Amino acid sequence: KEVCAFRGESINGQLPDDRNPDPNRLLQAYFHSSATLNYVRALLAGGFADLRHPESWTLSHIRNPDVKQEYTQIVERVLDALNLLHTVGAGEITTPSLRTVEMFSSHEGLHLPFEEVMTRRVRDGWYNVGAHFLWIGDRTRQLDGAHVEYFRGIRNPIGLKIGPTMEDEELIRLMDVLDPNRTPGHLTLITRYGAAQVAKTLPRHIKAVQAANRNGIVVWSCDPLH
C-alpha cells in the first residue's frame, strides 16, 4: 500500500489513513494561530508581563521542585532590583519597559502556497504579514529552489538554517542572493550542526562569513534543538 508522506498538521494527519492533503487544515491552522496571538495580546494588555507583578507568572505545569525553587529565587531577585530602582527614582510606574513587552512571531516558511497568500505589498516592498520573521529550513535552501526565490523577494527579516552539509561557497552565494544589499540584521544564520559536528563546522562557516566581508552584517543564532 502506498501512503502519502506526513507533511505537517496543516497539510495532513499523522495516521496512515489520514494522509490525504486537506485544504481545510490550512484554514484551521490560520484560525488557531490567530486565536493564540490574540490570547497572548490579551495577556499583555492585562499586565501579565508587568515586572512589578511576577506573582502572575505561575509555574503550575512544572513538577520538578528544584526548578520551582530556582524560579522563586529569580523572582525574588527581580523584585529586589525593582525596589531599588523605585527607591532611587529610576523605575517609576510609568516606565513602559517595566509594564509590558513587545511580541514578535516567527515560523519556517515551508508551505509556499500558504506563504504566498500571506504576502502583501506594503508601501515600497513585499512583506509576509503572517509573521515578523521567517526562516528557510536546511532541507529547502537550494540556490535554484523555490524557497530561496520566494525569500529573496520579501522585506521581512529572514533566517537561513545552516547545517554540516553546507559548503562555504554555497553559504556565500546564499548570502549574496538573500541579502544583496548587505542590510545589517536582515539575514540571520541559524546554526543546526549537532553536538558532534559543531566544533568542526562552525569555525569554517564563521571564516566564510568574514571572508565575504559580512561580519557584523548577518546575525548569528543557534538552534537549540539541533
Side-chain angles (χ1 to χ4, degrees), residues 1-46 48-49 58 60-63 101-123 125-166 170-171 174 177-179 186-194 219 221-226:
K1 180 181 178 180
E2 191 172 291
V3 178
C4 180
F6 175 60
R7 299 184 180 276
E9 296 289 353
S10 61
I11 305 298
N12 55 9
Q14 296 190 40
L15 297 177
D17 294 334
D18 196 22
R19 293 291 178 85
N20 289 331
D22 182 1
N24 287 319
R25 285 178 170 269
L26 288 176
L27 297 177
Q28 287 296 312
Y30 181 85
F31 168 78
H32 288 294
S33 298
S34 298
T36 300
L37 289 174
N38 288 335
Y39 175 68
V40 175
R41 291 189 185 104
L43 286 177
L44 296 179
F48 181 80
T58 61
S60 58
H61 59 289
I62 301 297
R63 298 180 180 180
V101 295
E102 290 187 276
M103 179 185 67
F104 300 97
S105 63
S106 66
H107 64 256
E108 179 180 355
L110 182 60
H111 189 53
L112 289 183
F114 182 79
E115 304 302 343
E116 290 169 359
V117 171
M118 301 302 296
T119 305
R120 304 281 190 277
R121 185 173 184 84
V122 181
R123 293 188 294 274
W126 293 90
Y127 290 83
N128 185 311
V129 298
H132 296 93
F133 178 92
L134 296 96
W135 73 82
I136 304 175
D138 193 45
R139 298 180 182 87
T140 55
R141 56 171 170 74
Q142 293 78 17
L143 274 162
D144 58 350
H147 289 78
V148 171
E149 176 65 20
Y150 170 78
F151 271 76
R152 76 181 186 89
I154 60 175
R155 303 288 283 275
N156 302 60
I158 58 175
L160 173 67
K161 288 286 186 76
I162 55 175
T165 61
M166 172 82 77
E170 182 184 12
L171 174 57
L174 280 168
V177 170
L178 295 172
D179 183 31
H186 176 68
L187 178 62
T188 297
L189 303 180
I190 309 172
T191 60
R192 39 102 68 224
Y193 303 121
V219 177
S221 175
C222 175
D223 184 345
L225 297 180
H226 292 282

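Only a predicted model underlies this, so the values are computations on that prediction, with no experimental measurement involved.
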Q. If you measure from CZ on Arg123 to CZ on Arg155, what distance do you get to the nearest 0.5 Å?
A. 9.5 Å
(Q) Within this structure, what is the OH-CZ distance for the pair Tyr39 and Phe48, rounded to the nearest 0.5 Å? (A) 7.5 Å
Q. If you round to the nearest 0.5 Å, how far is OG of Ser10 from NE2 of His32?
A. 11.5 Å
(Q) Nearest 0.5 angstrom please: Arg139 CZ to Leu110 CG, how far? (A) 10.0 Å
Q. Quick one: does Val177's side chain get under 4.5 Å of Phe151's, heavy atoms only?
A. no
Q. So, His147 versus Glu108: side-chain donor-acceptor pair below 3.5 Å or not?
A. no
**Q.** salt bridge (Lys or Arg N to Asp or Glu O under 4.0 Å) partners for Arg141, two or more places apart
**A.** Asp138, Glu170
Q. Got Leu160 and Thr188 here, is their nearest side-chain heavy-atom distance under 4.5 Å?
A. no
Q. If you look only at pairs with a residue in residues 22-37, which of them pass as a salt bridge (charged side-chain N to carboxylate O under 4.0 Å, His left out), with sequence neighbours excluded?
A. Glu9-Arg25, Asp18-Arg25
Q) Roughly how far, to the nearest 0.5 Å, is the CZ atom of Arg120 from the CG atom of Asn128? A) 9.0 Å
Q) To the nearest 0.5 Å, what is the distance between CH2 (Trp135) and OG (Ser221)? A) 10.0 Å
Q) Does a sphere of radius 6.0 Å around OH in Tyr30 hold more than 12 heavy atoms from other residues, nucleotides or ligands, not counting ones at 6.0 Å or beyond? A) no
Q: Would you indicate whether the side-chain heavy atoms of Ile158 and Ile136 approach each other to under 4.5 Å?
A: no
